[in-house]
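Both counts, for ligands and for their atoms, begin at 1 and track the order of listing. Note that these values count all heavy atoms, side chains included, but never hydrogens, waters or copies made by symmetry.
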Amino acid sequence: MSTLAFDIDTARKETPGCETVVHLNNAGASLMPQPVLDSVIGHLQLEARIGGYEAAAAAAEAVDGVYHSAARLLGCSTAEIAVVDSATRAWDLAFYSIPFRHGDRILTSEAEYASNFIAYLQVAERYGVRIDVVPNDESGQLSVAHLREMIDERVRLVSLTHVPTNGGLVNPAVEVGRVAREAGVLYLLDACQSAGQLPLDVNEIGCDMLSLTGRKYLRGPRGTGLLYVRAARLSELRPPMLDLHAATWVSRTGYRMRDDARRFESWECNYAAKIGLGTAIDYALGWGIDAIRARVTGLAEDLRDRLSELPGVRVRDIGAQRCGIVSCTVDALPADAVKATMAERGINVSVSRAPSTRWDMEARGLAEVVRVSVHYYNTVDEVEMFCRALGDAVLRSGR
Ligand SMILES: *Cc1c(COP(=O)(O)O)cnc(C)c1O
């Protein structure tokens, strides 16, 4: 198995949290590796020692490096990157910059994340835009055939969640990109859960905008996110807010926007976190995203196999292609009880509820699932430990 090729000892040695927890909540926030921790704390200490502005100037090279790292991760140019404080903020900045008109249509997926769908609903209300959800195919991924049929001249945007917050699914981002490109329609990809566990090449995918977070599979600090905007699309989009970083006040009656994607940024930011995000991207690229994918998907498949052998436990994952996020329900136990029982044993898992991915959860008659998300630094031993603990909990609940 390809997971054997991974230098797991080094990965764990460089992850201080591995000594204290069995962390299976990587889709929530991964454990930061030591180099990320060092760069964040190092910059904070520099700020404390010499001053915040002075520290930013001293670290200019590292700050600039974040754009180069992001461009390498996504296969784009540095001018197409904005660094912001979350994936949601990145996604919102892209979405709310689209000049929607009455009668426009948005095509989206059943796997859509709540924050995205709430924004569709607000824009629908505000501009009279129609939201159409493309049905899934029999495997559970967005049906590309249906998408193709639903495209017409009124479609303004195709907006897709690559990997939903639960459910294991990987949506066919590249195939969707082909359809969007042929139709000349804007394509926004929420890559929040895929970044760091799956390769993302914006030109292969064909997306015009892409958002991701730092804290999930990229193992960066909290409060970081990235927005990619294709240079050729920049002039069609109207940033919903501008400040003196995004634009220059050139006369009493005029301003000029920056000519790159940083027009979506704000002047103030958390420099320590921003530098830490760059370190996290470099660290991930150092392991190699293909190697990470092989390790993560291998561990997740192993976990699904073991879970499906436990009586009263049902794996709830769908899709033709799967990732490191595993979801299950336990007949005899509410998801919160599973989470609490695991926490007592030093195992972190999380709970996803219907309002996070309403279309998907309702279609499958699910109110909640236990989400168990593995990363490359997790081990088969940890997977076994979790399954044994879950098996015990099921047995005890039966008495
Ligand atoms: C977590 C998540 C987000 C939000 O990311 P933040 O960094 O918390 O804003 C967006 N989309 C999906 C699919 C997610 O799972």
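Where the criterion is an N or O separation shorter than 3.5 Å, residue side chain and backbone included, Cys192 fails it with respect to ligand 1. For the pair Thr213 and ligand 1, the shortest N or O to N or O distance falls below 3.5 Å. For a threshold of 3.5 Å applied to N or O pairs, the pair formed by Thr165 and ligand 1 contains at least one separation below that value.
Surrounding CZ of Arg154 are at most 12 heavy atoms belonging to other residues, nucleotides or ligands under 6.0 Å away.
For Arg156 and Tyr127, the positive end is not near the middle of the six-membered ring at less than 6.0 Å and at most 45° from its axis.
In Thr161, the part holding a heavy atom less than 4.0 Å from any atom of ligand 1 is the side chain. At a heavy-atom cutoff of 4.0 Å, ligand 1 is contacted by no atom of Asn116, backbone or side chain. Looking at Asp190 against ligand 1, only its side chain comes within 4.0 Å, counting heavy atoms.
The atoms of ligand 1 that sit less than 4.0 Å from any heavy atom of Thr88 are 4 (C), 5 (O), 6 (P), 9 (O). Residue Gln193 approaches ligand 1 through these ligand atoms, each under 4.0 Å from one of its heavy atoms: 15 (O). In the vicinity of Ala87, heavy-atom distances shorter than 4.0 Å reach the ligand 1 atoms 5 (O), 6 (P), 7 (O), 9 (O). Each of the atoms 13 (C) of ligand 1 lies under 4.0 Å from some heavy atom of Val163.
Comment: Arg388 does not engage Asp392 in a salt bridge, judged by the lack of any side-chain N to carboxylate O separation of less than 4.0 angstrom.
In summary, the side chains of Thr379 and Arg12 do not present any donor paired with an acceptor at a separation below 3.5 Å, with no hydrogens or angles considered. Between the side chains of Asp243 and Ser266, not a single donor N or O lies within less than 3.5 Å of an accepting N or O. Side-chain contact of Asn166 with Arg353: a donor-acceptor pair under 3.5 Å is absent, judged by distance alone.
For the pair Arg89 and ligand 1, no heavy-atom separation below 4.0 Å is found. Taking 4.0 Å as the cut-off, His162 does not count as a neighbour of ligand 1 on heavy-atom distance.
Applying the salt bridge (charged side-chain N to carboxylate O under 4.0 Å, His left out) test to Asp331 and every residue at least two apart in sequence or in another chain returns Arg314.
In this structure, NZ in Lys216 is found 10.0 Å from CG in Asn25, a value given to the nearest 0.5 Å.
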